[in-house]
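The basis for the numbers below is simple: all heavy atoms, side chains too, and nothing from hydrogens, waters or symmetry mates. No experiment lies behind these values; they were computed from the predicted model shown. Each chain gets a letter, A, B and so on, in the order the sequences are listed, and its residues count up from 1.
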There are 2 protein chains.
Amino acid sequence: MRLPLYQRALRQLSADGIPTVSSAELADAAGVNAAKVRKDLSHLGTYGTPGTGYDVNFLLSQIRHELGLDREWTVAIIGMGNLGHALAHSDRFSNQNFRNVGLFDVDPAKIGEEVDGLPIRHMSEFEQSVAGFDPSRSIGVIACPAAAAQDACDRLVGVGIGAILNFAPAILTVAPPVLLRQVDFVVELQALAFYIVHPEAVTGPEEGPQPGL
Amino acid sequence: MRLPLYQRALRQLSADGIPTVSSAELADAAGVNAAKVRKDLSHLGTYGTPGTGYDVNFLLSQIRHELGLDREWTVAIIGMGNLGHALAHSDRFSNQNFRNVGLFDVDPAKIGEEVDGLPIRHMSEFEQSVAGFDPSRSIGVIACPAAAAQDACDRLVGVGIGAILNFAPAILTVAPPVLLRQVDFVVELQALAFYIVHPEAVTGPEEGPQPGL
DNA sequence: CATTGTGAACGCCTTCACAGCC
DNA sequence: GGCTGTGAAGGCGTTCACAATG
């Protein structure tokens, strides 16, 4: 889905005070092509004006609504190593209606440490911590070692989490309708290595391999 | 490309001492379906035995060759915040023929700190640091703030880097033939939020949204 | 007999091209 | 004149189904 990319590009344009964009300009800012932009946006509704383009702020609010960003999403992070800290401490969450509501680890040395005012708790407290929010409108982030990933996944599913974003290098299985998305650094590096070794396999005329995202 | 996933699954099977796998078993371990596995592997060559399956170790070595993992790849990381540390400190690199050769930042407080025996250097030393290795067989990892990402990207391209893996929330432009791959936490979260709001848009019968990877 | 390799069918996404509109 | 929305065409990856095979 490319809506998040459009959303980010539109945010920048809005911050710059630009009132309207053409599909070509938006395509450029989002790193795709103009035909794709028009086709995508036409699925949302008829929001453009021929000869002028799209109203930046209006389109932005429509896309944010479509992505569900006009409601707050809660996020729980399991595994507070460097990666967990990078995710939790980042200001990206608060800027986009994603709010951290739980940080968990099993290392006694980390328990109690505060990250942006939220304390790291032990995994044994995980299940009782869901009392404060609706798990079906929450996303669980797995940032623990691979060996603990499936267990973390099962416990997230067990409390009725809406979706899981897994950064551990492990293939996880979940029971539908829980959504699962995998992000793996090594897989990305290996994919790049493959395309360097096989330049003829690169599909796009210029931008490089972006089959995902 | 799914080869990295097969590679990981085969590694596990090999470590467990399992001699052969069928396409169905490998598909299960990699999180895809059997028809895809057979089609993918048939593109590499005729490595399977009807009635038996694939020889784990032989197939593994073939895939590692195809991914270029029988040669060493060097990695430079720009931006040594929590994310950069997570990437650099991880043992994932050394296990898979990816070796860190450069860690860079602009924060004086970080310069000189050692991560797994490799010191963090100032970005002003970046260009001269490429003397020790072949940049065209190297991958640059951008883990700095978005505002500095395009500059980091330009300097990586400037020294002739083979590919760039960008974790900063910014759309980067590179001159071909440099390969670029973007990974963005917020985009992943927003994609999951979208699918929670629009369950009917989930394509796969069960596994959830995995268009990328 | 279990399992591979593959042609054929299918469906989805992308791209093109242009009519319609401001 | 510039730009959108969209039908039509094209291309690519997935899935099916089965002949071939050890």
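Ranking D:dT4, D:dT15, C:dT4 by closeness to the B:S22 side chain, first place goes to C:dT4. If you check C:dC21, D:dG5, D:dT15 against the side chain of B:A35, the one that comes closest is D:dT15. Here the side chain of B:K39 is nearest to one of C:dT15, C:dT6, C:dG5, namely C:dT6. Between C:dC22, C:dT14, D:dA20, one nucleotide has an atom nearer to the side chain of A:T49 than all others, and that is C:dC22. Closest to the side chain of B:R38, from the set C:dG5, C:dT14, D:dC16, is C:dG5. The nucleotide whose nearest atom lies closest to any side-chain atom of A:S42 is, among C:dT14, D:dT15, D:dT6, D:dT6.
Taking the six-membered ring for Trp, A:Y47 and A:Y54 have ring centres at least 6.0 Å apart.
For A:Q182 and A:N166, the side-chain atoms include at least one donor-acceptor pair closer than 3.5 Å. Side-chain contact annotation: B:S23 with B:R38, donor-acceptor N/O pair under 3.5 Å present.
Note: CG (B:L59) to P (C:dT4) measures 11 Å, nearest angstrom. B:R2 has its CZ atom 4 Å from the P atom of D:dT14, to the nearest Å. When rounded to the nearest whole Å, the span between NE2 of B:H43 and P of D:dC12 equals 12 Å. Rounded to whole Å, atom P of C:dG5 lies 12 Å from atom CG of B:L26. When rounded to the nearest whole Å, the span between CD of B:E25 and C1' of C:dT3 equals 11 Å. In this structure, B:M1 places its CE atom 11 Å from C1' of D:dG13, rounding to the nearest Å. Atom OH in A:Y47 sits roughly 12 Å away from atom P in D:dT6 (whole-Å rounding). Atom pair B:F58:CZ and C:dT4:P shows a separation of 15 Å (rounding to whole Å applied).
Comparing B:G45 and A:D40 along DNA chain C, the residue whose closest nucleotide (by nearest heavy atom) sits nearer the 5' end is B:G45.
Using a 4.0 Å heavy-atom criterion, one finds that B:G51 contacts the bases of the nucleic acid, with or without backbone contacts as well.
Formation of a donor-acceptor pair under 3.5 Å by the A:H65 side chain with backbone atoms of A:S61 is not found in this model.
Considering only side-chain N and O atoms, A:Y54 lies under 4.0 angstrom from the phosphate OP1 or OP2 of D:dG5. A close approach under 4.0 Å does not occur between any side-chain nitrogen or oxygen of B:N33 and OP1 or OP2 of D:dT14. Between A:S23 and D:dT4 there is a side-chain N or O to OP1 or OP2 distance below 4.0 Å.
Looking at heavy atoms from C-beta onward, B:L26 lies in side-chain contact with B:L41 at the 4.5 angstrom threshold.
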